[in-house]
Amino acid sequence: MIPGNKLEAATLVSLLLLVSGIFLPFKSLGMIIIDEEHDASFKQQDGFKYHCRSLALYRAHQAGIPVVLGSATPSLESLYNAEQGKFSYLQLQKRAGNSQLPTTHLLDLNRCQSQASLGQPLIDEMAKQINNGQQVMLFINRRGFAPVLMCEECHWLTECSRCSSFTTYHKGSNLLICHHCGFQHPTLHQCLGCGSTRMTPVGVGTEQIETNLATLFPNVDVVRLDRDSTSKKGEFDNKLNQINSGKPMIIVGTQMIAKGHHFPNVSLVGIVDVDGALFSSDFRAAEKLSQLVVQVAGRAGRGSVKGQVWLQTKFPEHPVIQDLVNNEYKDFAKFALSERKMLNLPPYSHHIVIRAETTVPNLGLEWLSNLSNYLHDYEGLLMLGPTPAPMTRKAGKFRHMLTIQSQSRPYLHKLVNWLLENLDTIQKDNRIRWSVDVDPIDLS
């Protein structure tokens, strides 16, 4: 806390919580604090690409002031820098106040009955906590009613006409919505493949969980927190006030509830689906999943009652799941860093990604292939691709990528400078929209 008569001191300590805050002018900046430094939202993905954490470190270096990177789940890059002696590593060994860390339970969905996408043991424990006057939180990182509609006759799926993706079924608004480009279409009641009217939702989202809970717990309030349920002005604050009343209820939400909230009456957190990220092509998927699970688990037991965290999975033997249940985040991070070192992946090497977007199907692939020929003169580079992006088509544009890896960051920066100066000269094509992403976070 800063006493009122100290606010006009020559040294101003500023808490930069917003990404844009790093660009604010300060007459005498004394410290920069980045809260939840691991969060991927600090990386600006569109337009001018930058990472707020990197800019904070650079700005602090220029000003000769300290930086505090705070997180319960530090990024592997920050932990690596601490190992190398570049950062000082300070640990908080216990929670604030008298609250205790929650107990974690693994629920194997292969060995129990389930209703409404919830295992019966979890449903029973939810009922117990609610009867004791506590609140329950269920986390699922998928909004809408179901990720897709499927024809039961020919198995055709509702696809987005502009993306290599499916449209999510939103029952409340009776729409099929692409969460990547925003395309909307009235809900289809007839298959476009075979004409059958047997269309069924596949998978589960927050909207479906909310509907099912109303049947399982008819006398209990259910509050849904996601982008859809809080889109109207004042709705988010109304829902927070409802939760903070302390009344027994069930809270259902996406990443919106994962961090930053203090709900002292939440004694049980259920993570409905962790399996989606276990087999991703993104080498950072396990790190992102672990951070998300730990952050969500941190909502449990923040009051006087010891909390519980339940993880539902059909792959209980997966090493990431076992690490989350039996060990702490630092144990996972230690294993993940050793794995990255063995595979020579960041932070033990450095990446840039050159992306090409165009409305012509294979033009981006050809453009990147020609570009790669100019880069062979640079020694010490490992080029991966060019390849189609994991989401090959987005918002009507075909997307391809060329990943370049190097052990030397300065050498890679030299290459980036050369690309920015010469790319339009050696590879000019007005049909191509290209970008260079240093230290990419999103590889989709």
Side-chain angles (χ1 to χ4, degrees), residues 109 113-120 122-123 126 136-236 238-240 242-243 249-258 270-277 296 312 314 395:
L109 293 176
Q113 293 182 340
S114 61
Q115 299 182 62
S117 303
L118 300 175
Q120 191 60 48
L122 176 57
I123 295 174
M126 289 171 61
V136 172
M137 179 181 288
L138 294 180
F139 170 81
I140 178 168
N141 202 23
R142 189 182 298 119
R143 58 191 177 97
F145 190 86
V148 68
L149 288 181
M150 182 187 74
C151 172
E152 293 186 1
E153 296 287 345
C154 70
H155 304 295
W156 177 81
L157 302 171
T158 51
E159 297 176 305
C160 176
S161 60
R162 306 175 70 227
C163 301
S164 303
S165 182
F166 303 107
T167 51
T168 300
Y169 174 41
H170 289 252
K171 188 175 183 180
S173 57
N174 197 32
L175 290 172
L176 294 170
I177 302 176
C178 176
H179 289 175
H180 301 284
C181 71
F183 169 79
Q184 298 185 7
H185 191 281
T187 300
L188 295 174
H189 300 287
Q190 189 171 15
C191 174
L192 298 183
C194 68
S196 171
T197 57
R198 297 178 61 192
M199 301 293 291
T200 184
V202 177
V204 63
T206 52
E207 190 180 351
Q208 186 177 161
I209 293 287
E210 179 188 31
T211 302
N212 293 337
L213 288 172
T215 303
L216 289 172
F217 300 93
N219 300 319
V220 178
D221 290 339
V222 179
V223 177
R224 175 161 60 96
L225 279 175
D226 58 23
R227 191 188 305 175
D228 302 317
S229 65
T230 58
S231 58
K232 295 181 180 178
K233 183 178 180 180
E235 192 64 28
F236 183 69
N238 292 336
K239 289 181 180 292
L240 287 184
Q242 186 179 353
I243 296 170
M249 65 181 64
I250 303 174
I251 307 160
V252 181
T254 56
Q255 288 196 50
M256 191 175 289
I257 64 173
I271 302 176
V272 177
D273 180 20
V274 298
D275 295 342
V296 174
Q312 292 195 154
K314 291 188 176 181

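For the pair Gly195 and Gln190, the tightest heavy-atom approach, listed with the atom from each and the gap, is O-NE2, 2.9 Å. Nearest heavy atom pair, residue Cys194 against residue Glu153, reads SG-CB, 3.9 Å. When all heavy atoms are compared, the tightest approach of Gln208 to Ala146 is NE2-CB, 4.1 Å. Residues Lys239 and Thr230 come closest through the heavy atom pair CD-CG2, 4.0 Å. Residues Cys151 and Cys154 approach most closely at SG-N, 3.4 Å, considering heavy atoms.
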Ile123 vs Gln115, test: side chain to side chain contact (heavy atoms under 4.5 Å, CB included). Steps then yes/no.
CA-CA 8 Å; Ile123 295 174; Gln115 299 182 62; 3.9 Å; yes
Test salt bridge (charged side-chain N to carboxylate O under 4.0 Å, His left out) on Lys314 and Asp275 and set out the steps.
CA-CA 7 Å; Lys314 291 188 176 181; Asp275 295 342; over 6 Å; no
In sequence, state the C-alpha distance, the side-chain angles, and the governing distance for Thr158 and Met199, and then conclude on side chain to side chain contact (heavy atoms under 4.5 Å, CB included).
CA-CA 10 Å; Thr158 51; Met199 301 293 291; 4.2 Å; yes
One pair to check against side chain to side chain contact (heavy atoms under 4.5 Å, CB included): Thr168 and Cys178. What are the steps and the verdict?
CA-CA 6 Å; Thr168 300; Cys178 176; over 6 Å; no
Can you list the steps and then say if Val202 with Leu149 is a side chain to side chain contact (heavy atoms under 4.5 Å, CB included)?
CA-CA 6 Å; Val202 177; Leu149 288 181; over 6 Å; no
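Two residues are said to be in side-chain contact when any heavy atoms from C-beta on lie closer than 4.5 Å; Leu213 and Leu138 meet this criterion. Looking only at side-chain heavy atoms (C-beta outward), Met150 and Tyr169 stay at 4.5 Å or farther from each other. Under the 4.5 Å side-chain criterion, counting only non-hydrogen atoms from C-beta, Met249 is in contact with Gln242. Between Thr254 and Ile140 there is no side-chain heavy-atom pair separated by less than 4.5 Å. A 4.5 Å side-chain heavy-atom check between Leu240 and Asn238 finds every atom pair outside the cut-off. In this structure, Gln312 and Val274 have side chains that are not in contact, with every pair of non-hydrogen atoms separated by 4.5 Å or more. Contact check for His180 versus Cys160: no side-chain heavy atoms found under the 4.5 Å cut-off. At a threshold of 4.5 Å between non-hydrogen side-chain atoms, the residues Phe139 and Val272 do not count as touching.
A salt bridge does not link Glu207 with Lys171: none of the charged nitrogens is closer than 4.0 Å to a carboxylate oxygen.
To the nearest 0.5 Å, atoms CZ (Phe166) and CG (Leu157) are separated by 4.5 Å. Separation of atoms OG1 (Thr187) and CG (Leu176) is listed at 4.5 Å; rounding is to 0.5 Å. Interatomic distance, Ile251 CD1 to Ile243 CD1, rounded to the nearest 0.5 Å: 4.0 Å. Taking OG of Ser231 as the reference point, atom CZ of Phe236 lies at 13.0 Å (rounded to 0.5 Å). Separating the OG1 atom in Thr167 from the CG atom in Leu188 is a distance of 7.0 Å, to the nearest 0.5 Å. The distance from atom OG of Ser173 to atom CD of Gln184, rounded to the nearest 0.5 Å, is 7.0 Å.
Of the N and O atoms on the side chains of Asp226 and Thr206, at least one donor lies less than 3.5 Å from an acceptor on the other residue.
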